[in-house]
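Inspection log for the structure reproduced underneath, given as structure tokens.
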Amino acid sequence: MDYVNCELCPRRCGVDRSRGELGFCRCPDTALVAKAMVHKWEEPVLAGPGGSGAVFFGGCTLGCRFCQNAAISGGPVGRAMDSEALRALFEDLIAQGAENLDLVTPTQFLPTIVPALRPRLPVPVVYNCGGYESERTVRQLDGLVDIYLPDLKYADNGLARTLSGAGDYFETAAAAIREMVRQTGPVRWSGEKITRGVVIRHLILPGFVDNSLGVLDWIGANFAPGEVLVSLMRQYTPMGNLPAPLDRRVTDREYDAVLSWMYLNRLEGFTQEAEAADSGFIPEF
């Protein structure tokens, strides 16, 4: 796992980032930390009362048109940090009371991040990603990640191509999530907190209920009840000048339809109230 002939993500750009060449993510060969904070707004079963030690990395391998973190995801943004500096940052967040280490959009910087995870930290490591991951790269994280927190944004590859430039999103994310579950096994609990497992996030998009139903159908068909958890997210907030229907929030009718489908698929997990669709919940970068 390195920055030479980079194939860390499914784009497989093949550029030599160690020589300054830039691929889809436009990121250099060292980690860029856009923000680090004790974050209280992750799912309560992850964060607990102490919060998550969230480390937001600059850049992204998707580039979704509706991204709420567009201020940092659209390019190489943040403070350059080597593995030693990252390790010190992780330990500082834990010293502040963080109950896990939450790596947000880390894939493009894994060659720098992985050494910083050794030796193992005293709290669970959470891999918080967009789901568009290389199965090969995920396999190399075996033993380093306790909780995977991938999105499963699309069952509709046409929609994925239009909104995220990833026409192979569904089959790629599905393979990566299967590998994540293979590594962690079923969700494990300690009291009211998760210590190991996979939580699949799905953001409902306004006007695209059928896409959400397809996502839930796949999860229900591939995993036993309780084997993974689903975080059904209603927090879509219009960002920028997007065309209809992406220029509005999710309606009650849309949300209720998707929520009912989640229960029909016997999926366990978490839901959000309408108040979650508020730009006030987006961290200031």
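Worth knowing before you read on, the calculation uses all heavy atoms, side chains too, and leaves out hydrogens, waters and symmetry mates. From a predicted model like this one, the values you see are computed outputs, not experimental measurements.
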Quiz prompt | Test item: Thr237 side-chain N/O and Gln235 main-chain N/O as donor-acceptor pair under 3.5 Å | solution = yes
Quiz item: What's the verdict on side-chain contact (heavy atoms from CB on, under 4.5 Å) for Asp252 and Arg234, showing C-alpha distance, side-chain angles and the deciding distance?
Solution: CA-CA 10 Å; Asp252 289 342; Arg234 190 180 177 170; 2.4 Å; yes
Exercise. State whether the number of non-hydrogen atoms from other residues, nucleotides or ligands found under 6.0 Å of Gln96 atom CD is greater than 12.
Key: yes
Practice problem: Could you check Ile204 against Met233 for side-chain contact (heavy atoms from CB on, under 4.5 Å), going step by step and ending with a plain yes or no? | Solution: CA-CA 6 Å; Ile204 304 169; Met233 305 173 77; over 6 Å; no
Quiz item: So if you build clusters from Ile, Leu, Val, Met, Phe, Trp, Tyr with side-chain heavy-atom gaps below 4.5 Å, do Ile147 and Ile177 land together?
Solution: no
Practice problem: Determine whether Phe66 and Leu242 make a side-chain contact, defined as any pair of heavy atoms from C-beta on separated by less than 4.5 Å. | Solution: yes
Quiz item: If only atom types and distance count, is the side chain of Ser52 paired as donor or acceptor with the main-chain N or O of Ala54 below 3.5 Å?
Solution: no
Quiz prompt | Joint cluster assignment, Trp189 & Tyr148, ILVMFWY side-chain distance < 4.5 Å | solution = no
Self-check item: ILVMFWY cluster, Leu62 and Val138 together (side-chain gap under 4.5 Å)
Solution: yes
Quiz item: If you measure from CE on Met239 to CG on Asp247, what distance do you get to the nearest 0.5 Å?
Solution: 14.0 Å
Self-check item: Nearest non-hydrogen partners of Tyr236 and Leu203, listed with the distance
Solution: N-CD1, 3.5 Å
Quiz prompt | Other residues, nucleotides, ligands: >12 heavy atoms within 6.0 Å of Arg26 CZ | solution = no
Self-check item: Pair Thr107, Glu133: side-chain N/O donor-acceptor within cut-off below 3.5 Å
Solution: yes
Practice problem: Apply side-chain contact (heavy atoms from CB on, under 4.5 Å) to Leu89 and Val33, showing your working. | Solution: CA-CA 10 Å; Leu89 175 62; Val33 175; 4.2 Å; yes
Quiz item: Any donor and acceptor pair, going by atom type alone, linking the side chain of Arg87 with main-chain N or O of Ala116 inside 3.5 Å?
Solution: yes
Quiz item: Hey, are the side chains of Leu46 and Glu43 touching, using non-hydrogen atoms and a 4.5 Å cut-off?
Solution: yes
Quiz item: According to a 4.5 Å side-chain heavy-atom criterion applied to Ile, Leu, Val, Met, Phe, Trp and Tyr, with indirect links allowed, do Leu86 and Met1 form part of one hydrophobic cluster?
Solution: yes
Exercise. Could you grab the distance from atom CE of Met180 to atom CG of Leu141, nearest 0.5 Å is fine?
Key: 8.0 Å
Exercise. Give a yes or no on whether the backbone of Val4 and the side-chain of Ser18 come within a donor-acceptor separation of less than 3.5 Å.
Key: no
Self-check item: Backbone N/O of Gly50 and side chain of Glu99: donor-acceptor pair under 3.5 Å
Solution: yes
Practice problem: List the atom of Trp218, the atom of Asn222, and the distance in Å for their closest heavy-atom pair. | Solution: O-ND2, 2.8 Å
Quiz item: Between the side chains of Glu171 and Asn157, is a donor N or O closer than 3.5 angstrom to an acceptor N or O?
Solution: yes
Exercise. Search all heavy atoms of Arg196 against all heavy atoms of Thr184 and return the closest pair with its distance.
Key: NE-O, 3.3 Å
Exercise. State whether the number of non-hydrogen atoms from other residues, nucleotides or ligands found under 6.0 Å of Asn241 atom CG is greater than 12.
Key: no
Self-check item: Any side-chain heavy-atom pair of Val199 and Val126 under 4.5 Å
Solution: no
Practice problem: May I ask you to check whether Tyr154 and Tyr169 place their ring centers less than 6.0 Å from one another? | Solution: yes
Quiz prompt | Carboxylate-amine/guanidinium proximity below 4.0 Å for Arg248 and Glu254 | solution = yes
Quiz item: Would you say Val45 and Phe270 make side-chain contact, with heavy atoms under 4.5 Å?
Solution: yes
Quiz item: Which atom names give the shortest non-hydrogen contact between Lys153 and Asn211, and what distance separates them?
Solution: O-ND2, 3.0 Å
Quiz prompt | Sidechain N-carboxylate O distance under 4.0 Å for Glu7, Arg12 | solution = yes
Quiz item: Counting N and O atoms only, with roles assigned by atom type, does the side chain of Lys35 sit under 3.5 Å from a partner on the main chain of Gly58, one being a donor and the other an acceptor?
Solution: no
Quiz item: Any side-chain donor paired with an acceptor under 3.5 Å for Gln272 and Tyr255?
Solution: no
Quiz item: Are side-chain heavy atoms of Leu229 and Phe223 found at a separation under 4.5 Å?
Solution: no
Quiz item: Can you find a side-chain donor-acceptor pair between Asp146 and Tyr127 that sits under 3.5 Å?
Solution: no
Quiz item: Do other residues, nucleotides or ligands put more than 12 heavy atoms under 6.0 Å from Arg178 CZ?
Solution: yes
Self-check item: Side chain to side chain, Arg118 and Leu144, heavy atoms closer than 4.5 Å
Solution: yes
For residues 261-268, run the donor-acceptor check on the side chains, cut-off 3.5 Å, and write out each pair with its distance to 0.1 Å, sequence neighbours left out.
{"residue": "Trp261", "atom": "NE1", "partner": "Asp217", "partner atom": "OD1", "Å": "2.7"}
{"residue": "Asn265", "atom": "ND2", "partner": "Asp217", "partner atom": "OD1", "Å": "3.3"}
{"residue": "Asn265", "atom": "ND2", "partner": "Trp261", "partner atom": "O", "Å": "3.1"}

Practice problem: Taking all non-hydrogen atoms of both residues into account, name the closest pair between Leu101 and Gly53 and its distance. | Solution: CD1-O, 3.5 Å
Quiz item: Heavy-atom distance under 4.5 Å between the side chains of Ile94 and Asn100, does that happen here?
Solution: no
Self-check item: Result of checking Cys9, Ser73, Cys67, Cys129 against Cys60 for side-chain contact (heavy atoms from CB on, under 4.5 Å)
Solution: Ser73
Quiz item: Does Leu159 offer a backbone N or O that forms a donor-acceptor pair with the side chain of Asp156 under 3.5 Å?
Solution: yes
Quiz item: In terms of side-chain geometry, is the basic nitrogen of Arg201 or Glu42 positioned less than 4.0 Å from the acidic oxygen of its partner?
Solution: yes
Quiz prompt | Residues that Arg17 engages under side chain to side chain contact (heavy atoms under 4.5 Å, CB included), provided they are two or more places apart | solution = Tyr3, Cys6, Leu8, Val15, Cys25, Cys27, Asp29, Gln108, Phe109
Exercise. Consider only side-chain heavy atoms of I, L, V, M, F, W and Y, link residues closer than 4.5 Å, and tell whether Ile219 and Val187 are in one cluster.
Key: no
Self-check item: Stepwise side-chain contact (heavy atoms from CB on, under 4.5 Å) test for Leu32 and Arg79
Solution: CA-CA 5 Å; Leu32 297 176; Arg79 176 186 173 190; over 6 Å; no
Practice problem: Identify the residue among Val215, Leu152, Leu149 that makes a side-chain contact (heavy atoms from CB on, under 4.5 Å) with Ile200. | Solution: Leu152
Self-check item: Where Thr30 and Ala80 come nearest, the two heavy atoms and their spacing
Solution: CG2-CB, 3.9 Å
Exercise. Determine whether the side chains of His202 and Ser212 contain a donor N or O and an acceptor N or O closer than 3.5 Å.
Key: yes
Quiz item: If we only count heavy atoms from C-beta on, is the Phe57 to Val104 side-chain gap below 4.5 Å?
Solution: no
